[in-house]
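Right, one structure below, let's go through it.
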Amino acid sequence: MPVLLHDTMSREMRPLLPKAGKSTFGMYCCGPTVYGPAHIGNFRTFILQDVLRRTLEVDGLKVKHVRNITDVDDKTIRGAQAAKTTLTEFTKTWTDKFHADCEALGLLAPHVEPSAVAHIPQQVAMIKALVDKGHAYVSKDGSVYFKVSSCHGYGKLSHLDLSKRETQSTNSAGEANDSDEYDRESASDFALWKSRKPEDGANFWPSPWGEGRPGWHIECSAMSLEHLGVTFDLHGGGIDLCFPHHENEIAQSECATGIPGFAAHWFHSAHLLVEGEKMSKSKGNLYTLDDLKAKGYSPVEVRFALIAGHYRSSLNFTIKGLEDARSALNKIEKGTERLLTAAGFSKEEFAAPTKQEIQTSWGRFAPAWEVLQNDLNIPGCLGQIFTVLASKSDLTTESARQDLSGLAKILFALGLKLFTSAPAQGVPADVAELGAKRWAAKQAKDFVSADRLRLELVELGWTMLDRKDGYDLKKS
RNA sequence: GGCGCGGUAGCCAAGUGGUAAGGCCGGGCUCUGCAAAAGCCCCAUGCGUCGGUUCAAUUCCGACCCGCGCCUCCA
């Protein structure tokens, strides 16, 4: 059964399948602008796209996932200048950081990760096609603009009727829209090519219209064409990209190629609120992965918290939510351990589910998978998982293995890697010694000393957890 | 103003025309010298408000109230 997903353009639930005659499902996702560390809002979108890709793969599709790197724009150029380095060096630093965070968060690397700077010729070629076909014009300063009025159907994705729309004098950041700054024919027209300016420094490229650099929107059109073809199966991004970015991509691509149906399906994820407020630097509620790691949360806990709400609803990210995620994840691990025991598998065997017997069945997790396939309902799927893990069942080795087969596939789809919590931190010698002493006292039934030693450990910031046959020391 | 999303227990959050998944927190119990861990059990006559349709509505329709997003920086 194919995965069903809501499509922004048609506003309908539609099955995800490769185009007729194709065996690969092509998906293009707008990637990060690499001018600083990505924040958890960025990652929510990338994680959701990752879950979609994984779900399609578990469903049996061959997916080609393309996610770009935006490495030339105002912010990257300014950032490089402020850092007194080259654009290449600057964007490499932040691209590397992005990759490290992605890996920590369990994101599968896209199959292709094209960079805007590496696709200047393709962008120039597309702009040239648009100029030749009368969909773009060259301004006096050598910039090139897309002529929105020349594009039939412009606004079909975001359902905006530009003819009825009044041009706003400010954007949502309160900055004046620069409709008078350039010699555009219409305020709705957008830049395809920006002519070289002194403040661009060394960052310019040749073009038929003179030196300059590409506009923002054209890169995704050019790179999706290069790597996925004239039309492809799904395009994703944060909801804020719906207009104007994605709308402009459609206009550019369809006008340049003359072929409609740029992307068959549009996948937009809702934004993140932090502690009930819009995330912003000025409010100080903009978290990066490093910020949360510094607070003691693991990447998998962050990932869980970020997927705990439906992708089309905005998610209120809170530290309490991270605590909830930690407890919930622990509950899944404990339940999974019980299944592993019943199945006679080790944790390692579960972490790498290559065994035939744990790849063939869904066991009791079939309903959880069905829920996930229906518009990527991750919270519903998690609910099903907990229901099964808590339900009474006479497990046999065989049934437990079938359950594990289903659970492994679902956890792969969600990208939740179990049993990865950092192993016990190094225990200082003095703490270890106190622990050993208390254990000895307890064995000797000298409970007065044992209790005193427990308190001493607490004062040092350590908790001693007794087991039947030994003990663990945990930092509290 | 235009377009769109949402209001479900203390918090988070699914879902359905036939009477509310799940997680967290909380409470109880079992186990345990203590503590913790773990396991088990309990926890919304209620789904923003008011009307309507229906044998039956939280679920459909209408109105209203409230919150939020986008409308050329944004994931």
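Proteins get letters first, then strands, A, B, ... in listed order; numbering begins at 1 in each. In what follows, every heavy atom counts, from backbone to side chain, and hydrogens, waters and symmetry copies are set aside.
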Atom [atom1] of [X] to atom [atom2] of [N]: distance rounded to whole Å?
| X | N | atom1 | atom2 | result |
| --- | --- | --- | --- | --- |
| A:F243 | B:C71 | CZ | P | 8 Å |
| A:L414 | B:G22 | CG | P | 18 Å |
| A:L416 | B:G22 | CG | P | 20 Å |
| A:L289 | B:A75 | CG | P | 17 Å |
| A:H246 | B:A75 | NE2 | P | 10 Å |
| A:H39 | B:C74 | NE2 | P | 12 Å |
| A:H159 | B:C5 | NE2 | P | 10 Å |
| A:M9 | B:C3 | CE | P | 19 Å |

Donor-acceptor contact present, side-chain [X] to main-chain [Y], <3.5 Å:
| X | Y | answer |
| --- | --- | --- |
| A:R44 | A:I307 | no |
| A:H265 | A:L5 | yes |
| A:D291 | A:T288 | yes |

Taking only side-chain nitrogens and oxygens of [X], does any of them come within less than 4.0 Å of OP1 or OP2 of [N]?
| X | N | answer |
| --- | --- | --- |
| A:K75 | B:C74 | no |
| A:K278 | B:C70 | yes |
| A:R338 | B:G39 | yes |
| A:K334 | B:G39 | no |

Interatomic distance at [atom1], [N] relative to [M], whole Å:
| N | M | atom1 | value |
| --- | --- | --- | --- |
| B:A63 | B:G4 | P | 14 Å |
| B:C47 | B:C42 | P | 23 Å |
| B:G33 | B:G28 | C1' | 23 Å |
| B:U72 | B:C3 | C1' | 15 Å |
| B:A9 | B:G26 | C1' | 12 Å |
| B:A20 | B:G52 | C1' | 24 Å |
| B:C61 | B:C68 | P | 25 Å |
| B:A37 | B:C25 | P | 10 Å |

request  = For A:W216 and for A:H310, find the nucleotide of RNA chain B with the closest heavy atom, then tell me which residue's nucleotide is more 5'.
outcome  =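 Mapping each residue to its closest nucleotide by heavy atoms, the 5'-most match is A:H310.
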
message = Which is more 5' along RNA chain B, the nucleotide nearest A:G238 or the one nearest A:F190? Just name the residue.
response =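 Checking each residue's closest nucleotide, the 5'-ward one belongs to A:F190.
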
Describe the nucleic acid contact of [X] in one word from base, sugar-phosphate, nothing, applying a heavy-atom distance below 4.0 Å.
| X | value |
| --- | --- |
| A:R67 | nothing |
| A:G41 | base |
| A:D189 | nothing |
| A:L272 | base |

Can you figure out which of [options] approaches the side chain of [X] most closely?
| X | options | value |
| --- | --- | --- |
| A:F46 | B:C24, B:G2, B:A75 | B:A75 |
| A:R11 | B:G4, B:C74, B:G23 | B:G4 |
| A:N330 | B:C3, B:C74, B:A38 | B:A38 |

Interface polar pairs with nucleotides 29-33 of chain B, N/O, under 3.5 angstrom:
| from | atom 1 | to | atom 2 | distance (Å) |
| --- | --- | --- | --- | --- |
| B:G33 | O6 | A:R438 | NH1 | 3.2 |
| B:G33 | N1 | A:D451 | OD1 | 2.9 |
| B:G33 | N2 | A:D451 | OD1 | 2.9 |
| B:G33 | N2 | A:D451 | OD2 | 2.4 |

task = Can you measure from NZ (A:K92) to CG (A:L87) and round to the nearest 0.5 angstrom?
result =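 It is 14.0 Å, given to the nearest 0.5 Å.
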
query = Rounded to the nearest 0.5 Å, how far apart are CE of A:M223 and NE2 of A:H227?
reply =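 Rounded to the nearest 0.5 Å, the CE-NE2 separation comes out at 7.5 Å.
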
Could you let me know what [N] is paired to, Watson-Crick or G-U wobble, both distances under 3.5 Å, or none if it's on its own?
| N | result |
| --- | --- |
| B:G22 | B:C12 |
| B:G39 | B:C29 |
| B:G51 | B:C61 |
| B:G69 | B:C3 |
| B:G17 | none |
| B:A44 | none |

query = Does a side chain donor of either A:Q373 or A:T55 reach within less than 3.5 Å of an acceptor in the other side chain?
reply =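 Not at all, the side chains of A:Q373 and A:T55 share no donor-acceptor pair under 3.5 Å.
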
query = Under 3.5 Å, is there a donor-acceptor pair linking the side chains of A:S10 and A:D7?
reply =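 Side-chain D/A pair, A:S10 to A:D7: present.
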
So that I can tick it off, tell me whether [Y] and [X] are bridged by a salt bridge, with the cut-off set at under 4.0 angstrom between side-chain N and carboxylate O.
| X | Y | value |
| --- | --- | --- |
| A:D466 | A:R438 | yes |
| A:E459 | A:R454 | no |
| A:R303 | A:D50 | yes |

message = Between A:H310 and A:I378, is the side-chain contact (heavy atoms from CB on, under 4.5 Å) condition met? List the steps.
response = CA-CA 6 Å; A:H310 190 96; A:I378 298 172; over 6 Å; no

ask   = Looking at A:H245, A:H271, A:H246, which hits side-chain hydrogen bond (donor to acceptor under 3.5 Å, both in side chains) with A:D240?
value =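 When side-chain hydrogen bond (donor to acceptor under 3.5 Å, both in side chains) is applied between A:D240 and each of A:H245, A:H271, A:H246, only A:H271 qualifies.
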
query = Which parts of nucleotides 6-12 of chain B does protein reach within less than 4.0 Å, heavy atoms only, written one letter per nucleotide 5' to 3' as B for base, S for sugar-phosphate only and - for none?
reply = -----B-

query = Looking at A:F46, does the NZ or CZ of A:R67 lie under 6.0 angstrom from its six-membered ring centre and within 45 degrees of the ring axis?
reply =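 The answer is yes, since A:R67 meets both limits relative to A:F46.
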
inquiry  = Cation-pi check for A:W362 against A:K409: NZ or CZ below 6.0 Å from the six-membered ring centre and within 45 degrees of the axis, yes or no?
reply    =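 Yes, cation above the ring, under 6.0 Å and within 45°.
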
key: A:H271 aromatic ring stacked with six-membered ring of B:G69, 5.5 Å and 30°   =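 A:H271 vs B:G69: stacking no.
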
A:L473/A:T463 under side-chain contact (heavy atoms from CB on, under 4.5 Å): CA gap, chis, key distance, verdict = CA-CA 6 Å; A:L473 286 165; A:T463 306; over 6 Å; no

task = Residues of residues 372-389 of chain A with any non-hydrogen atom less than 4.0 angstrom from an atom of RNA chain B: list those, numerically ordered, please.
result =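 Hits under 4.0 Å, by residue number: A:N377, A:P379, A:G380, A:G383, A:F386, A:T387.
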
